[in-house]
Structures are given as C-alpha cells and as structure tokens.
Student: 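Below you'll find the structure I mean.
Reminder, nothing fancy here: chain letters follow the sequence lines and each chain counts from 1. From a predicted model like this one, the values you see are computed outputs, not experimental measurements. Every heavy atom of this structure was used, including side-chain atoms; hydrogens, water molecules and symmetry mates were not.
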Number of protein chains: 2
Amino acid sequence: MFSNSTKYAIKAVLYLAVHSSEEQKIMIKDIAEPINVPKHYIAKILQALSKKDIISSTKGPKGGFYLTSDQLQTKVMQIIETVDGEERLNSCLLSLEKCNSDNPCSLHHLVFDEKNKINERLKMTILKDLRQHIMRGESILPL
Amino acid sequence: MFSNSTKYAIKAVLYLAVHSSEEQKIMIKDIAEPINVPKHYIAKILQALSKKDIISSTKGPKGGFYLTSDQLQTKVMQIIETVDGEERLNSCLLSLEKCNSDNPCSLHHLVFDEKNKINERLKMTILKDLRQHIMRGESILPL
DNA sequence: AGTAAAATATGATAAAAATCACATTTAAGA
DNA sequence: TCTTAAATGTGATTTTTATCATATTTTACT
Ligand code: FES
Ligand code: FES
C-alpha cells in the first residue's frame with residue numbers, strides 16, 4: 001500500500017513524536033536503530049521532511065531532529081504525500097490514471113468506498129493522536 | 001496497492017473473460033495491444049497464470065489464450081495471490097510483518113476494518129461477475 | 001579562533017521490478 | 001512430412017527503488 005520510504009518516514013516521525021521535543025533533539029543514529037531502518041536511508045528521508053517543514057532539525061553539536069508542538073498537528077496524509085507523492089493514493093487500481101467514479105474500472109465498486117474512508121481518516125488523524133495511542137499502550141511502533 | 005504485474009494480470013484475464021472462449025482463442029499480441037501492456041511482459045505473466053491453471057492456452061497455429069467456463073469461476077483474489085504472493089495483502093502497513101490485531105501498529109485501527117472488507121470482496125468476486133459488469137456497461141476495462 | 005559534532009548535499013552502488021530479445025517446443029494444415 | 005504459427009523457457013537489459021559512502025556546512029563549546 002505504501003512505499004518502503006513512506007513506511008520508514010512514518011515510523012521515524014512517530015518516533016520523534018513520542019521521544020523528542022525542542023529540548024530533546026535526537027540524532028539520526030538514535031532514530032535509525034530503534035525503528036530498524038538503515039541509517040543512511042532514513043537520513044535522506046528526514047532531510048526531505050525537514051526541508052518541507054514536517055520535522056525540525058539543527059546542525060552541529062547538541063543538534064538533531066525533533067518536532068515542535070505545531071508539527072505534532074501534522075496530518076498523517078501530509079507525510080504520505082510528501083514522500084510518495086499525491087497521485088499514489090488516488091490512482092486507479094488497474095490503470096495509471098486517477099480513480100474516477102464516472103468512468104469506473106472493473107474493480108472500482110469493490111474498493112472505492114473503503115479506500116475513501118481510509119483516506120479520510122489519514123487526512124484527519126494527526127501525529128498527536130497517534131502519539132497518544134502509543135503512550136496509552138493501545139498501539140505500538142513496530143520494528 | 002497492487003504491483004504493476006498484478007494490474008496487468010487482472011486486465012489481461014478480464015480481457016479474456018470478455019472476449020475469449022474455448023472456440024475463440026486470442027494471441028498474445030491481440031491481448032497486449034488493447035489493454036496497453038508491453039507484449040513481452042504480459043507474455044510472461046500469462047505463462048505463469050497458465051501454469052497455475054488460471055487461464056488456458058494452446059500452442060501452434062490457431063493457438064492462443066482463453067478461459068474455460070470453469071476458469072470464469074476464478075476469484076479475483078486468486079489472481080492477486082498468484083502474481084504478487086499472499087503476503088503482500090496481509091502485511092502490516094508499517095512493518096514487514098503480517099498485520100496482527102493483537103499487536104497493532106500505529107495505523108492499524110485506521111485501516112483494518114476497511115482493508116478486511118476489501119479483501120473479503122476480492123475473495124468472493126469471480127471473473128464472471130466482473131465480466132457481467134463490463135458487458136452491462138457498468139464498468140470498463142481501462143487502458 | 002579552533003575543534004569537534006552534528007545535519008546536509010551529492011553521488012555511487014546494490015537490489016528489485018519492469019521490459020525486451022531470442023532460441024525452443026508444440027500443433028495445425030498443406 | 002514439411003512449413004509455419006503460435007506459446008514456452010531462459011536470460012539479458014533497463015529503470016526504479018533502496019542502500020551506502022563521503023565531502024561540505026553549520027553550530028556549540030573551548
Ligand atoms: S477507477 Fe479504478 S479504482 Fe476507481
Ligand atoms: S498491525 Fe500494522 S496494519 Fe495491522
């Protein structure tokens with residue numbers, strides 16, 4: 001469903017959501033290891049997210065990555081779109097085109113409503129929500 | 001959601017479902033072109049499907065690919081599993097593991113029910129159903 | 001100012017997925 | 001039985017995705 005890069009991105013950002021703050025920055029290697037993602041790979045992804053202002057970073061000693069409280073309001077969908085590009089989630093199951101109810105492919109009616117529901121949730125769920133889930137022990141941040 | 005190969009496979013099989021029969025076999029090039037898939041690529045996929053008895057074929061002059069009426073009973077899910085492998089649809093959104101409600105990842109609750117519903121439908125929908133849809137003009141076989 | 005510790009930029013390599021090419025096998029029809 | 005038309009098998013090439021490496025920039029601390 002998601003690319004590898006997006007999976008990694010979500011895991012990393014969620015890790016920051018739980019463990020970081022403006023006073024508690026985290027170095028790349030201390031993110032990569034606990035979420036089980038190659039260090040150099042996640043570095044590239046975090047840099048892209050940082051450039052898009054989805055996460056924050058500072059260079060130099062005592063530097064690292066972190067989330068501001070504003071950034072805890074980021075919607076999950078924003079991360080997905082930033083990494084995978086917008087098209088991916090709205091593409092038709094059978095063609096390259098955008099899914100289109102006026103010209104539905106043969107699988108469209110099997111999936112459209114559910115896919116929509118999922119997309120809606122990804123659009124309204126923010127990092128803070130997921131952090132709360134994790135801190136309550138209702139879900140985990142998998143390896 | 002699906003790999004390119006699975007998309008192509010479904011389109012090709014659906015094309016056969018609509019246009020072929022034991023008396024009306026279709027050559028690779030006459031499948032590849034209308035569904036807009038590279039000839040050599042779809043050939044490989046069709047060969048795999050043929051070996052798994054999801055479609056039929058005969059060699060030589062007047063040969064080609066076709067579906068028997070038995071094969072019109074094939075479930076969409078069978079095609080997906082044959083091409084992409086079973087794991088893909090049941091894997092967790094964030095990890096390599098199988099999705100597991102007893103140990104849910106942070107996105108699990110956002111998608112589980114809907115993904116399940118989709119999977120159920122893919123498991124109970126057969127090619128004949130989709131063919132009917134297409135022939136009634138309720139859905140299309142996209143390029 | 002100088003040094004060291006961090007992210008950043010850029011690019012190289014490896015692995016996987018998609019695509020292309022061709023020689024082999026099978027079967028129909030002359 | 002010979003020729004030809006089709007799928008089949010095997011493997012090569014290209015493209016995309018994932019991974020690795022390294023030089024540069026920024027910043028804190030001395
Ligand atoms: S048109 Fe294909 S999934 Fe909607
Ligand atoms: S455990 Fe991750 S999607 Fe179910």
Student: Taking atom types as modelled, is there a side-chain donor on A/S3 or A/Y8 under 3.5 Å from an acceptor on the other?
Tutor: no

Student: Taking NZ in B/K25 as the centre, count heavy atoms belonging to other residues, nucleotides or ligands within less than 6.0 Å. Is the count above 12?
Tutor: yes

Student: With heavy atoms under 4.0 Å as the rule, sort A/I42 into base, sugar-phosphate or nothing.
Tutor: nothing

Student: Would the number of heavy atoms belonging to other residues, nucleotides or ligands and lying under 6.0 Å from CD of B/Q73 be above 12?
Tutor: yes

Student: Please tell me if the side chains of A/E86 and A/E81 come closer than 4.5 Å, counting only heavy atoms from C-beta onward.
Tutor: yes

Student: For the helix from C/dA1-D/dT30 to C/dA30-D/dT1, what is the angle between the axes at its two ends, each from 5 pairs, rounded to 10°?
Tutor: 0°

Student: Can you tell me if A/S57 and A/S50 form a side-chain donor-acceptor pair at under 3.5 Å?
Tutor: yes

Student: I'd like to check B/I54 versus B/I79 (side-chain heavy atoms, cut-off strictly below 4.5 Å). Are they in contact?
Tutor: yes

Student: List the protein contact pattern of nucleotides 20-30 of chain D with one symbol per nucleotide (5' to 3'): B for base contact, S for sugar-phosphate-only contact, - for none; contact means a heavy-atom distance under 4.0 Å.
Tutor: BBB--BBBB--

Student: Would you call A/E114 and B/R121 a salt bridge, taking side-chain N to carboxylate O under 4.0 Å as the test?
Tutor: yes

Student: Do B/K75 and B/Q78 have side-chain heavy atoms sitting under 4.5 Å apart?
Tutor: yes

Student: Would you say B/N90 and B/N119 make side-chain contact, with heavy atoms under 4.5 Å?
Tutor: yes

Student: Using a cut-off of strictly less than 4.0 Å between a heavy atom of the residue and any atom of DNA chain D, enumerate the qualifying residues of residues 15-24 of chain B by number.
Tutor: none

Student: Using distance alone, with no hydrogens and no angle criterion, decide if A/E97 and A/S91 have a side-chain donor and acceptor under 3.5 Å apart.
Tutor: no

Student: If you count heavy atoms of other groups shown closer than 6.0 angstrom to CD of A/E33, is the number above 12?
Tutor: no

Student: Using chain B heavy atoms and a threshold of under 4.0 Å, write down where along DNA chain C the contacts begin and end, 5' to 3'.
Tutor: C/dA18 to C/dG29

Student: Under 4.5 Å between side-chain heavy atoms, counting indirect links through other Ile/Leu/Val/Met/Phe/Trp/Tyr residues: same cluster for B/L49 and B/L122 or not?
Tutor: yes

Student: Hydrophobic cluster membership, with links at side-chain heavy-atom distances under 4.5 Å among I/L/V/M/F/W/Y: are A/L89 and A/I126 in one?
Tutor: no

Student: Which part of the nucleic acid, if any, lies within reach of A/I28 when heavy atoms closer than 4.0 Å are counted: base, sugar-phosphate only, or nothing?
Tutor: sugar-phosphate

Student: Please list, by residue number, the residues of residues 49-56 of chain B whose heavy atoms come closer than 4.0 Å to an atom of DNA chain D; answer none if no residue qualifies.
Tutor: B/S50, B/K51

Student: Evaluate whether atom CD of B/E22 has more than 12 neighbouring non-hydrogen atoms of other residues, nucleotides or ligands under 6.0 angstrom away.
Tutor: yes

Student: Taking OP1 and OP2 of D/dT17, is either one under 4.0 Å from a side-chain nitrogen or oxygen of A/N4?
Tutor: no

Student: Do B/H108 and B/S101 get their side chains close enough for a donor-acceptor pair, meaning under 3.5 Å?
Tutor: yes

Student: Could you pull out the closest heavy-atom pair between B/D30 and B/I26, with the gap in Å?
Tutor: CB-CG2, 3.8 Å

Student: Near DNA chain C, under 4.0 Å by heavy atom, which residues of residues 83-97 of chain A?
Tutor: none

Student: Any side-chain heavy-atom pair from A/L127 and A/Q71 closer than 4.5 angstrom?
Tutor: no

Student: Tell me, do B/L46 and B/I28 make a side-chain contact under 4.5 Å, heavy atoms counted?
Tutor: yes

Student: If only side-chain N and O atoms of B/S57 are considered, is one of them under 4.0 Å from the OP1 or OP2 phosphate oxygen of D/dA6?
Tutor: no

Student: Which comes earlier along DNA chain D counting from the 5' end, the contact point of B/G63 or that of A/S5, where each point is its nearest nucleotide?
Tutor: B/G63

